[in-house]
Every structure is written in C-alpha cells, then in structure tokens.
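If you're wondering where the values come from, they're calculated on a predicted model, not measured in any experiment. If you read the sequence from its start, that first residue is 1, and numbering goes on from there. Read the numbers this way: they start at 1 and go in the same order the structure lists the ligands and their atoms.
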Amino acid sequence: MRSDRTPFVLCLVAVLPTAYGGGGGSASSPPVPQVATPSFSVSAGNYTTLQSVAISDSTAGATIHYTTDSSVPTASSTLYAAPIPVATNTTIKALATDSGYTDSSVASATYSINLPAAPPIAAVTDIHQGFIYQIVTDRFFNGDTSNDNPPQSPGLFDSNGFANSAEADWNLYWGGDLAGIQQKLGYLKSMGAAGIWISPPVDNIRVSAGSSNGETGYHGYWPRDMMQIDEHFGDDANSWTAFDNLVAAAHADGIKVFVDFVANHTNPIGVGEDGSLYNNGTLLVTYSTDTGANPYYHHNPPIADFDDRYQVQYYTLEGLADLDQTNPSVDQYLKAAVTQFLAHGADGFRFDAVKDVNWGWEYSLENTIANWTGSPALPTSTERPFLFGEWAEGSGDALYPDSVKFSNNSGINLLDYPLYYQIADVFGSDKSFHEIDNELTLEDSGASSSPAQPFAQPNDLVTFFDNHDNPRILSLGADQMAVKQAISFLLTCRGIPVLYYGDEQYLHNNTNGGTIPYNRNAMTSFSSTDAVLLIQYLAALRAANPAAAYGTMNQRWINDDVYIYERDFGTNTFLIAINKNPSVDQAITGLYTDLPPGSYADYLAQTMGGTGIVVNGSAGGNNAVADFTLPHRSVSIWASAAAGSPSIGSVTPRVANPGATVSIEGAGFGATAGTVSFAVGSSMLSATITAWSDRQITATVPALAGGSAALTVTQGTATSAPAPFTVSTSALIPVNFSISGTPALASSDVLMLSGSVGELGNWATSWNGALGPVAIPTSGSGLLTVSVPNGARVEFKFFILHGDGSVSWENGANHSFTVPQTGVGAATVSWQN
Ligand code: NOJ
Ligand code: NOJ
C-alpha cells in the first residue's frame with residue numbers, strides 16, 4: 001500500500017501549484033483542500049456480538065489515526081492498520097491526514113456492546129473438566145494488613161506495591177496473602193476456576209538476601225521451614241490458620257487448591273540465611289554448617305551444563321542450597337512436609353524444578369502421596385491428589401526424552417513447557433499455527449529420530465501460555481484480541497489448562513521486556529472484562545463436554561493464520577476454528593468433522609466474532625462441512641455431546657500400590673455401579689467400588705502383583721477401552737545404585753540399569769524399558785536412584801546401550817540387593833569385566 005502511495009503524494013505536490021494556477025506572484029494563496037472525513041464499516045449503535053470496525057477514507061492515499069479512549073485524535077494517535085475488534089463499549093474517533101491537505105474532520109462512532117452471558121458452568125469433580133488459575137500470592141490481594149510487616153522479618157515490605165507499583169521495589173513483599181485469595185474466591189468461582197495453584201506458602205527467609213540476589217522470598221521459592229506457613233501469607237505465629245481457612249472456603253466453592261512445593265533446595269547460599277533449614281521452628285542446618293558425615297546438601301558448583309544428567313540433579317541451581325533428597329533425614333522431612341499439606345486439605349501439588357531434583361527419588365514421593373491414607377483421606381469430593389511438575393525445557397533439548405520418560409512412568413505429570421514456547425510464539429509474536437501443530441504432533445505421537453516416546457497421557461499434561469517465570473504475551477507483543485485467542489486455544493487444547501492471574505484483566509508491565517519480576521504484577525482490578533466472559537464460556541464448555549477434558553486432538557484445517565481442530569471423546573465432539581489474520585476472512589473448503597450432520601450455531605454466541613456451520617452427510621467420523629467463510633480475528637466453536645458407553649478419560653493416580661484408592665474419570669459410566677477390573681498379565685481382578693457416578697468412579701486397587709495393568713469399566717454389556725495403570729508391588733524406597741569401573745563410553749553410548757522387578761525394568765534393554773540413562777558423576781562411574789519395593793530382594797546389572805540399539809552387559813552373576821523396609825538404600829557395585 002505504502003509503495004503505491006508515495007509516488008501519488010509526490011505527484012500531488014508537483015501538480016498542485018499548476019492546478020491551482022499558481023504561476024507565481026499571485027497575492028492570494030489557493031484554498032488548501034481538506035481530506036475527506038473517515039468512515040466506519042459498522043454503524044454506531046447497540047450490538048450483542050463482537051464487532052470488527054474497519055475505517056476507510058475516500059481521499060486516496062490518506063493516512064488514518066484513531067483513538068478508542070474518547071480523546072480527540074491527532075496525527076500522532078495510533079495509526080490505523082487493520083479492523084479494530086470491538087468487544088466492549090467503545091467510542092472510536094478517527095482523523096485522516098495527507099500532505100498537501102488540511103486534516104479531515106474527526107469522525108466518531110460509539111458502540112454499545114452487550115455480549116450475551118455464558119451458559120451456566122456445571123460443577124466439576126475432576127480437574128481435567130476445568131482450569132487452574134495460577135496465583136503469586138504476594139501479588140494478588142492484600143486481605144489482611146496485620147501481616148504486612150511482621151515482627152520476625154521486618155522491613156521486607158513495600159506499601160507502594162499495590163498502590164503505585166511504578167514507585168515500588170518489585171523484589172519486596174507487597175502484602176498479598178492467603179486471606180486475600182480467600183476474599184476473592186467469588187471472583188474466581190464466577191469465572192469458572194476449578195482449581196487454584198498458589199505460589200509456595202511455606203516460611204521463606206526472614207532477611208534480605210541482598211539486592212543482587214533479588215532480596216526477598218516474596219515468590220516463595222526460598223524456603224527455610226517447610227512445616228510452617230510464612231508470616232507474610234498467614235500470621236505472626238506462622239500457623240496454618242489462614243491456609244486452613246482458604247482451603248475450607250475454596251472447597252465450599254468447589255475450587256481445588258494446588259500447592260507449589262519446592263523439594264530441590266532451600267534458600268540462597270552465603271547470603272541471607274545461608275541455606276537455613278528448619279523443622280517446625282528448630283534449626284537443623286545451614287549450608288556452611290552442613291559438615292556432618294551425612295550432609296543435607298550437595299556441595300557442588302553451579303549447574304553449567306543443563307544437558308548433563310548429573311549436573312542438573314546434583315549441582316547448584318540459581319545459587320540455592322541443593323538438598324540431597326537421598327539423605328534419609330531430608331527424604332523423611334520432605335515427605336512429612338508434603339503429607340502435612342495433604343492433611344491440611346491440599347488437592348495436589350505443583351512440584352518446583354522437577355528436572356533438578358533427584359528424578360528417581362521423585363517416584364518415591366509420588367508413591368508416598370498416592371498411597372497416603374491420612375485424614376482427610378479424599379481431599380475434595382472423590383478425586384485423589386493430582387500432581388504436576390515443572391521441567392522447564394523445550395522438545396529440542398537434550399533431556400527432552402528423559403522428561404517424557406519421567407512423565408510417563410513416575411505418575412507426576414509435567415507442565416507442558418515444550419508447547420508453551422510455541423503458544424507464546426504464535427500468539428505473542430504472531431507466528432505460524434504450524435509451530436503449535438507440529439509440536440503437538442511431536443509430543444503426542446513421538447519422533448522417529450529420537451528415543452522420545454509420545455507422552456502417553458497428553459490430557460494429563462498441564463498447559464499454559466503465561467507464568468511467573470516468563471514475560472506475559474502482552475509484553476511480547478500480543479494485543480487484547482491475541483490474548484483472547486490464546487485463552488481460546490488453551491482452554492480447548494488437550495491437557496489441563498492453567499491461566500496466569502491477571503491475564504483476564506490484561507495485566508502487564510513491559511519494563512525489561514516484562515521479564516521477572518515485571519511479570520509478577522499487582523492485581524489491581526477484578527472487573528468483568530470481555531476476557532472474563534470468554535473464560536466463562538470456555539469453562540462452561542469444558543464442564544459440559546467430556547471431549548474437552550479427555551478428547552483426542554485432531555487438526556482438521558490449517559494455514560499460518562487459521563487453525564481448525566477437533567476434540568473427540570466417545571460420543572462427544574467439538575470443533576474449534578481460530579483465524580488470527582488481522583483483516584483477511586478465510587474461505588474454508590474441504591473441511592471434515594466427526595460432528596453429526598446438522599446446523600451448528602457458534603457455542604461462543606459470536607462473542608468472538610465467529611460464525612455457524614452446516615455439517616452434511618454421514619461418513620462415519622468424516623462428515624463434510626459446507627463451505628463457509630471464517631471471519632478475520634475470530635474464534636468459533638461447534639459442539640455436540642451425547643450419552644454413550646463407558647469411556648475412561650483419566651485415572652488419578654496412575655501409579656499406586658494394591659489397596660490404594662484411585663479416581664477413574666470419564667463419561668458414560670452410568671448412574672448405578674457396574675464393575676472396574678484391573679488386569680496384570682493374565683490375572684484379572686475386580687476392584688472394590690467406593691463411589692460411582694456417570695463421570696467419576698472411586699475404586700481400590702486390588703491385590704495384584706506389581707506391573708503394568710489394564711483398567712476397564714463395565715456397565716451392563718458394554719466395557720470401556722483399557723486405560724493403562726501401573727501397580728507398584730509395595731511402598732517404594734529410593735535406592736542409590738552406583739557403579740565404578742565402567743568401560744569408556746562412546747559419544748552415542750549411554751549407561752543403563754535393568755533388573756528383576758517392574759520398577760527396575762524386568763530386564764528390559766531398550767532406552768524406554770530399562771532404567772536410565774544413568775548419571776555420570778565422573779567418567780568411569782555411574783549413579784542412578786531408583787525407587788524399588790521395600791523389603792524386596794532384587795537382582796540387577798548395569799549395561800551399555802549403544803547408539804545402534806545393541807547392548808553390552810557387565811559380565812558375571814547378577815548383583816543382588818535387599819531393599820530396606822523404610823528410609824533410603826544404597827547398592828554400590830563395581831563393573832564386572
Ligand atoms: C522455578 C520457579 O518457577 C522459579 O520461579 C524459581 O525461581 C525456580 N524454580 C527455583 O525455585
Ligand atoms: C542380565 C544379564 O545378566 C543377562 O545375561 C541375563 O539373561 C539377565 N540379566 C536375566 O538374568
């Protein structure tokens with residue numbers, strides 16, 4: 001456009017004097033023409049759907065500037081480039097300019113937008129059917145000013161935080177607390193949040209760590225005492241009262257509470273409290289006094305190579321005292337802290353930095369939680385604790401295959417960081433939808449060129465597009481419509497979505513590109529924005545249509561700007577179409593769907609500018625959609641839900657011992673109890689049922705031998721497809737398997753371990769079937785923690801897995817080891833030549 005325009009302007013300037021007869025010497029100047037007044041593609045007035053307002057001007061080559069805040073536009077107002085999405089009451093004022101002309105008159109149009117309310121959001125019992133709202137407690141709401149500047153940690157509070165963050169120190173406490181979250185539960189419930197993830201609430205260091213270290217633990221990731229609640233979030237006594245009150249109120253509102261828990265480390269070394277660790281008020285150790293025979297901490301250098309399996313687990317992350325989870329005291333302490341949260345009603349955990357914690361030990365942490373029978377035994381309704389962990393890397397990273405193996409086998413689901421990078425890129429930086437689509441194919445179907453398996457349970461991955469560690473997409477370049485499109489994608493993609501607090505209020509601060517701490521903004525508004533309305537629609541869809549919680553994800557039509565995909569679960573389906581192009585409507589031809597024939601109105605009632613479709617014919621899951629036009633910058637959803645036969649969507653936990661309680665979630669189970677069966681090999685046993693409804697069953701794992709099981713639900717004559725489940729033989733004990741004297745490894749070799757029980761791979765020799773790859777502390781040695789059944793006598797051997805899949809075992813007889821009943825074990829051997 002601009003290249004057409006430039007010659008025209010030059011020509012105009014050249015022509016004007018002649019055209020107006022200015023031959024020189026004329027006394028009166030010719031009249032200067034005025035640019036035509038801009039006009040709007042949509043008439044001013046009242047609307048109940050999202051409008052897209054284009055502005056044009058009949059003076060060829062004119063430039064249009066506009067405002068949406070009622071101020072009078074000038075030549076320095078926003079340059080008009082593409083139609084403006086109008087979702088709330090808005091007055092657009094526009095001015096057109098051109099050189100050689102006087103500016104146009106100002107055009108003004110006022111739009112009153114009353115978008116229809118979302119359908120009611122059904123109560124959900126399974127977190128898959130909803131979304132999690134992530135809160136940095138200190139930055140959300142100050143519900144109790146008496147804990148702002150507590151006596152045991154004075155001077156770490158900045159009262160400017162919520163009042164005037166531009167003047168505040170972003171590394172100090174700002175006053176948000178657990179009581180504040182409790183006071184805003186009504187807001188969260190009305191938006192449809194099924195759970196909240198709160199930043200670590202435990203006691204953090206009580207003094208500054210110095211400005212070069214980020215000063216305070218307002219974020220919660222610098223714990224000193226994991227048995228107590230921080231005085232800034234609770235009360236001066238570090239009691240559990242505020243936490244208990246929040247959990248009770250959240251549960252009364254049907255909202256689950258997921259606690260961020262740090263098992264990797266305590267707090268900064270050499271500053272502040274020097275890695276202090278307290279047990280319910282009693283000092284156990286600091287980093288520099290940790291000189292006993294059995295150290296609490298690893299005393300290793302900073303992690304330099306994040307692709308090195310030994311460094312990530314055993315070296316120092318961010319200067320923080322790195323706990324040795326296989327020190328029996330630390331193991332016992334961390335498990336006591338986690339189960340104390342369960343006893344206080346936590347519905348699950350977000351585990352911090354699971355890539356940096358001892359991976360094998362984390363299996364025993366999951367086992368402790370999965371088999372925990374304390375009170376309250378079943379935290380909320382009938383769902384067992386849901387666990388997810390942070391493994392912050394992309395699918396191109398060296399340890400991505402290890403992350404998939406961990407997620408598939410440990411029972412701890414991962415935050416979907418690999419997908420996050422693509423979502424942020426597509427919606428934050430307007431990149432191609434192929435980035436997301438290719439990533440989903442890799443994660444859900446696996447790659448032939450790497451040992452990475454597909455994620456076995458993609459709907460258990462926890463998805464997000466913003467968080468407390470990365471710039472909000474508004475700081476990357478997204479506008480409000482792009483944020484709403486990201487929300488639309490996230491809440492309809494496979495996985496359990498997490499929305500970061502404040503995105504629905506378009507909260508952001510672009511200082512330093514919106515990186516830490518400028519992404520941990522003070523939540524200053526709780527209003528009913530158009531984004532809140534959109535979230536309500538999507539929460540209603542998730543609660544009503546099991547395809548959102550458990551469905552497969554099938555791409556149906558794609559180009560750089562248009563993404564149409566379908567979710568399918570049993571007889572439940574929906575199709576969603578996103579067009580992010582700023583101005584081009586897309587003709588959609590050749591689209592097929594599993595939706596039954598019929599006319600479909602947009603589930604979002606055109607609040608996102610969408611459209612309806614017609615589905616023709618009945619071609620068994622591949623019905624033709626009549627050609628239609630997908631409006632620019634729109635989202636449409638077409639949904640169908642129908643009762644069907646039993647289908648299992650998820651099992652929580654996915655790994656547990658006989659006797660443990662599991663939640664089985666899905667659809668079509670029927671109103672009255674049928675049968676749940678577990679099969680391991682050729683033995684199949686029915687489970688004792690403790691609760692049964694159409695969408696959720698609670699059952700007890702029967703007394704089977706350990707191993708991979710197939711779980712089925714039978715109602716009448718219909719039996720579900722099997723869902724995978726892993727039976728652990730008994731309580732799992734972390735054992736450090738270490739070896740010395742190993743042969744030199746070629747660059748394509750890895751050291752592996754296999755042995756006589758399921759937890760040791762049952763003598764499998766494949767990358768995915770055996771245990772490992774083993775961490776290499778120094779060349780010629782290996783160290784791998786594996787959580788194995790207590791009291792078991794296991795046999796094992798190390799072996800080298802070569803790049804071509806061939807195997808070199810150690811020679812000689814199998815090593816054997818008897819696993820202790822409690823605590824931690826150590827099996828130390830030399831390579832048998
Ligand atoms: C990841 C957390 O999300 C981040 O905020 C923190 O600094 C590190 N882990 C260390 O705890
Ligand atoms: C590993 C190796 O020692 C191999 O030779 C043996 O067959 C299996 N263990 C099973 O004992």
Side-chain angles (χ1 to χ4, degrees), residues 132-140 170-171 173 176 196-205 209-210 212-226 230 233 258-269 271-273 275-277 287 297-298 302-303 306 311-323 325 334 337-338 349-359 362 387-394 397 399 403 412-418 420-421 424 462-472 498-501 512 514-521:
I132 299 172
Y133 187 87
Q134 183 196 348
I135 296 173
V136 177
T137 301
D138 181 61
R139 302 296 155 96
F140 192 62
W170 287 63
N171 287 319
Y173 285 90
I196 53 175
W197 148 17
I198 59 171
S199 53
V202 297
D203 194 19
N204 268 233
I205 58 169
S212 59
N213 286 285
E215 302 188 41
T216 75
Y218 74 91
H219 41 67
Y221 296 105
W222 293 353
R224 71 199 287 279
D225 194 335
M226 305 186 194
D230 192 275
F233 304 142
F258 299 96
V259 173
D260 202 326
F261 188 87
V262 182
N264 182 62
H265 56 260
T266 58
N267 52 74
I269 296 167
V271 293
E273 297 192 13
S276 61
L277 178 64
Y287 192 75
Y297 295 117
H298 301 126
I303 301 170
F306 279 88
Q311 290 194 24
V312 295
Q313 296 176 78
Y314 296 89
Y315 277 27
T316 299
L317 175 72
E318 297 176 10
L320 300 162
D322 196 59
L323 287 164
Q325 294 84 20
L334 292 170
V338 161
F349 299 93
R350 178 268 190 189
F351 289 121
D352 187 51
V354 293
K355 176 186 175 183
D356 301 291
V357 177
N358 181 314
W359 305 343
E362 290 172 302
L387 309 180
F388 59 110
E390 176 219 20
W391 189 304
E393 67 175 23
D397 285 282
L399 296 184
S403 78
I412 298 175
N413 306 291
L414 291 186
L415 280 157
D416 199 341
Y417 248 102
Y420 154 73
Y421 294 115
V462 179
T463 54
F464 61 101
F465 66 82
D466 274 348
N467 70 11
H468 62 303
D469 288 334
N470 294 281
R472 293 176 187 265
V498 172
L499 287 175
Y500 187 46
Y501 81 97
N512 290 346
T515 51
I516 297 170
Y518 298 100
N519 51 0
R520 298 161 179 187
N521 319 70

Between Tyr417 and Phe464 (judged by ring centroids, cut-off 6.0 Å), do the two rings come close enough to count as a pair?
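Ring centres of Phe464 and Tyr417 closer than 6.0 Å.
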Salt bridge flag under 4.0 Å for residues Asp469 and Arg520
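Answer for the salt bridge query: yes.
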Just by modelled atom types, is the Pro223 backbone N or O under 3.5 Å from a matching donor or acceptor in the Asn267 side chain?
yes
If we ignore hydrogens and angles and just use 3.5 Å, is the side chain of Asp322 paired with the main-chain N or O of His265 as donor and acceptor?
no
Using side chain to side chain contact (heavy atoms under 4.5 Å, CB included) as the criterion, list what pairs up with Asp260, not counting sequence neighbours.
Trp197, Pro200, Tyr221, Arg350, Asp352
Nearest heavy atoms of Pro471 and Tyr420, plus distance in Å:
O-OH, 4.4 Å
Close residues, ligand 1: non-hydrogen atom nearer than 4.0 Å
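The answer is Tyr221, His265, Glu318, Arg350, Asp352, Glu390, His468, Asp469, Arg520, counting any residue whose heavy atom sits under 4.0 Å from ligand 1.
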